[in-house]
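Below: the structure, in structure tokens.
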Amino acid sequence: MLGNFVYCNPTKLYFGKKALNSLAGELENYGKNVLLVYGGGSIKKNGIYDDVLSVLEKCGKTVREVSGVMPNPTYAKLLEGAKAAREFNADLILAVGGGSVCDYSKGVSVAAYCEDDVWEKYYERFEEPDCKIIPVGCVLTMVGTGSEMNGGSVITNTEKKMKVGHVFGESVFPRFAILDPEYTFTLPKYQMISGIFDIMSHIMEQYFSGTDDNTSDYVMEGLMRSLIHSSRIAVVDPLNYEARSNIMWTATWALNTLVAMGKDTDWEVHMLGQAISAHTDATHGMTLAAVSLPYYKLIMPYGLEKFKRFAVNVWNVDPNGKTYEKIALEGLSEMKKWMKELGLVLNAKELGLKPEMLEAVADSTLVMQGGYKVLTRAEIIKILEESMKYE
Ligand code: NZQ
Ligand code: ZN
């Protein structure tokens, strides 16, 4: 049965070829000072920086830049951005990049005028902001996180060896997001497939929980089928607009809060992945790929019916004459075949995980309550060990 909920997504999306043409109109809603936030320079190589800057100039904006936002943005960098935004008196933060740049910009938006300890308030106590929030707009260049239409802000505290995501409420969602699938064409294959698995993982995290009949589960099966289909095309033909645009839209739907309404969700794969990243700085989607199969094999007996449904409805496994367990295992083995076809990392050793790090990674892993099995510390270590054996 669906639980009670209130649903509102305040982000306005502009999607499609030349979507940047809508930026000028949006900018009219904000004051003169625009803090332009971007990453390590990909947008300078592919021309997106020039496109955005020319719109900002035509609109008469005063621009200050915060560049060098790294994948897995750090808390130290967040404080630097907050100071810059406050001193500049920014009226809008324009994030041009992937999930890291968008997450970072949301963090800056609530940190700039925060009078409390920013880490403790937002990333330990998970409080909502009670200070002025600077509005954020996004121009998305990498697909996967859904950050363009949600309140998520994942930040790494390198001193504490913690990578923590705060899912803020509506006041922190981007006010607008510009999604041009062609802006993602220059992504290296490693990033493209990592993003594809991130999308898959977001859907699975919300699908593998609960036993009730829930509309969201049917929606998610459709999203997963579309993603599997389009990813198989994109991996051999990366400039295929149809596939890349479908993947981009699926990513947004996977984590714009809609499919989580009224149902339980898990998120343990993300907790494991974030703990690995906190110790290795590995690419987000790849950390999820490396732990997913051992995790799902471990929890499968506790949610067998759902795993059977996943196998049949998502992976087209023929259920005739087979036990639920056999069907469910065949589903996971189809998923493994697909992961290999894309070229994802299945073994956490490839991400820099070493046997002597396992205890510390387990200490950094938050244990969630919403999935089919609440993990013990020993199980977390077993999942990591299993991943390190994968071929
Ligand atoms: O920094 P630059 O030079 O721009 O290069 C980036 C970066 O190295 C590059 N890139 C991005 N767009 C490109 C491009 N290269 C060529 N052409 C383009 N068009 O790609 C690299 C990865 O970018 P990043 O933003 O780090 O990737 P992603 O979008 O996967 O974001 C990952 C971050 O988002 C968090 C992750 O934990 C991680 O920190 N997440 C945020 C979530 C949310 N807000 O809800 C949920 C997710 O589960 C996730 O945790
Ligand atoms: Zn993710």
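Remember, it's 1-based here, ligands and their atoms both numbered in the order they're listed.
Contacts of T283 with ligand 1, taken as heavy-atom pairs under 4.0 Å, are absent altogether. The proximity of T141 to ligand 1, defined as any non-hydrogen pair under 4.0 Å, involves the side chain as well as the backbone. Neither the backbone nor the side chain of F185 comes within 4.0 Å of ligand 1, counting heavy atoms alone.
Looking at ligand 1, you'll find an N or O of G41 within less than 3.5 Å of one of its N or O atoms. Not a single N or O atom of P71, backbone or side chain, sits closer than 3.5 Å to an N or O atom of ligand 1. Backbone and side-chain nitrogen or oxygen atoms of G40 are examined, and one is located within less than 3.5 angstrom of a nitrogen or oxygen of ligand 1.
Remark: minimum distance from atom 41 (C) of ligand 1 to any protein heavy atom is reached at D103 OD2, 3.0 Å. The closest protein non-hydrogen atom to atom 22 (C) of ligand 1 is Q191 OE1, 3.4 Å. Nearest protein heavy-atom neighbour of atom 16 (C) of ligand 1: T186 O, 3.4 Å. Looking only at protein heavy atoms, the nearest one to atom 30 (O) of ligand 1 is M142 CE, 3.4 Å. S42 OG, 2.7 Å is the protein heavy atom nearest to atom 4 (O) of ligand 1. For atom 24 (P) of ligand 1, the nearest non-hydrogen atom of the protein is S100 OG, 3.4 Å. Residue, atom and distance of the protein heavy atom nearest to atom 13 (C) of ligand 1 are L187 CD2, 3.4 Å. Looking from atom 49 (C) of ligand 1 to the surrounding protein, the closest heavy atom is H284 NE2, 3.2 Å.
Note: F208 and F307 have parallel aromatic rings, judged against thresholds of 30 and 60 degrees for the angle between ring planes. Taking the six-membered ring where tryptophan is involved, the planes of W119 and Y123 are essentially parallel, since the angle between them stays under 30° and well short of 60°. Using bins of under 30°, 30° to 60° and over 60° for the plane-to-plane angle, the ring pair W267/H202 lands in the tilted bin. Between F185 and Y241, the ring planes are perpendicular. Angles over 60° get that label, and only those under 30° would be called parallel.
Listed by chain and number, D198 OD1, H202 NE2, H270 NE2, H284 NE2 are the protein N/O/S atoms closer than 2.8 Å to the Zn ion (ligand 2), with waters left out.
In terms of the ring pair (Phe, Tyr, Trp, His ring centres under 6.0 Å) criterion, residue partners of F168 (sequence neighbours excluded) are, by chain and number, Y122, H166. Residues passing the salt bridge (charged side-chain N to carboxylate O under 4.0 Å, His left out) test with K58, sequence neighbours excluded: none.
For the ligand labelled ligand 1, residue N46 lies inside the 4.0 Å heavy-atom shell. Distances shorter than 4.0 angstrom do not occur between any heavy atom of G165 and any atom of ligand 1. Under the 4.0 angstrom criterion for non-hydrogen atoms, H202 is in contact with ligand 1. The closest approach between S277 and ligand 1 stays at or above 4.0 Å for every heavy atom of the residue. Heavy atoms of K163 approach ligand 1 to within less than 4.0 angstrom.
No hydrogens or angles considered: a donor-acceptor pair under 3.5 Å links the side chains of Y49 and E65. Of the N and O atoms on the side chains of N29 and R175, not one donor lies less than 3.5 Å from an acceptor on the other residue. In the model, K106 has a side-chain atom that pairs as donor or acceptor with a side-chain atom of S147 under 3.5 Å. Side-chain polar atoms of K45 and T186 form no donor-acceptor pair below 3.5 angstrom.
Other cluster members for Y218: none, since no ILVMFWY side-chain heavy atom sits under 4.5 Å from it.
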